[in-house]
Amino acid sequence: METLQHDIAAAANFSDDSEDDSQRPTPEEAPIVAGVDQAFDDETATSALVIMQSGEVIERVHATEPTEIPYIPGLLSFREGGAILSAFKELETEPDVVLVDGSGRIHFREAGLATHIGVTLDIPTVGVAKSLLCGQPRRSLSEPLPEGTRVAIEADGDVTAPEGTVIGHAVQTRQYNSDSRYINPLYVSPGHQVSAETAADIVESQSSEYKLPEPTRLADSYAGELTRR
DNA sequence: GCGACAG
DNA sequence: ATCTTGTCGC
């Protein structure tokens with residue numbers, strides 16, 4: 001599994017350059033953004049995909065697959081990847097970018113779930129995680145960050161990338177204006193065919209009332225209501 | 001051996 | 001991820 005991840009990282013493109021920029025949306029048209037999230041029960045994983053454009057849901061699909069392995073930090077792709085790929089087979093729309101719940105380049109071998117899915121399907125992906133798997137924030141995150149702040153996450157000894165490489169960002173999409181209550185940042189990283197900066201830009205552009213970008217939030221609740229039945 | 005660790 | 005009530009703050 002680790003060997004496969006090294007191959008995936010080698011095939012990944014952590015920049016905004018594309019082999020065929022023919023399909024990229026012109027600045028005139030709003031991008032089609034997908035959100036994916038999984039929910040589990042005793043022995044299956046259900047993946048929910050929500051596709052949005054201009055604030056509207058234009059397609060929604062899901063798929064369920066048996067859970068093969070337990071959760072192991074660094075190997076999430078092998079637990080959730082199958083169901084996600086099955087859900088994509090049901091999809092008719094071609095998203096311009098996919099927001100994946102989990103890390104992309106912020107991963108020991110630079111091959112988190114978002115990167116795994118992006119390389120496998122050859123589509124642009126962004127990793128959106130609620131906690132940090134590895135890497136070192138450029139500055140302390142112990143104090144609440146103001147809304148709109150982003151702090152670079154650099155590779156340290158736990159990551160295959162050269163030390164100091166920016167592998168993602170802590171992104172504060174929402175924040176309270178209170179002393180006793182605060183919101184933690186999201187950890188955004190490139191999955192495939194997207195740079196660390198663009199990944200953070202996309203997440204910010206898709207977030208509005210809540211901390212999570214809208215496609216991710218809707219996929220989250222959709223997956224939840226599918227499994228609790 | 002010890003610590004750290006997406007969902 | 002999942003198990004769940006109360007509680008804080010606008």
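We name chains A, B, ... by the order of the sequence lines, and we start the count at 1 in each one.
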- Quick one: do A/F14 and A/E110 satisfy side-chain contact (heavy atoms from CB on, under 4.5 Å)? Show the steps, please. CA-CA 10 Å; A/F14 301 128; A/E110 300 178 84; 3.9 Å; yes
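A/A39 comes within 4.0 angstrom of sugar-phosphate atoms only, judged by non-hydrogen atoms across all strands, and of no base.
In the hydrophobic clustering of ILVMFWY residues, with side-chain heavy atoms under 4.5 Å counting as a link, A/L49 and A/V128 come out apart. Hydrophobic cluster membership differs between A/V171 and A/L141, with clusters built from Ile, Leu, Val, Met, Phe, Trp and Tyr side chains linked at under 4.5 angstrom.
Rounded to whole angstrom, the span from the CZ atom of A/F78 across to the P atom of C/dA1 amounts to 20 Å.
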- Letter by letter from the 5' end, nucleotides 2-7 of chain B scores (B base, S sugar-phosphate only, - none; protein heavy atoms under 4.0 Å) ---BBB
- Note on the structure: Once base and sugar-phosphate atoms are separated, protein heavy atoms under 4.0 Å mark nucleotides 3-10 of chain C, 5' to 3', with B, S and - as -----BS-
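The nearest pair of heavy atoms linking A/I183 to A/Q172 is O-NE2, 2.8 Å.
Here the CD atom belonging to A/Q206 is positioned 6.5 Å from the CG atom belonging to A/L99, to the nearest 0.5 angstrom.
Checking side-chain atoms of A/K211 against main-chain N and O of A/K130 turns up no donor-acceptor pair under 3.5 Å. When atom types are taken as modelled, the side chain of A/T120 and the backbone of A/I117 share no donor-acceptor pair closer than 3.5 angstrom.
Using a cut-off of 4.0 Å between Lys/Arg side-chain N and Asp/Glu carboxylate O, A/R150 and A/E204 are scored as salt-bridged.
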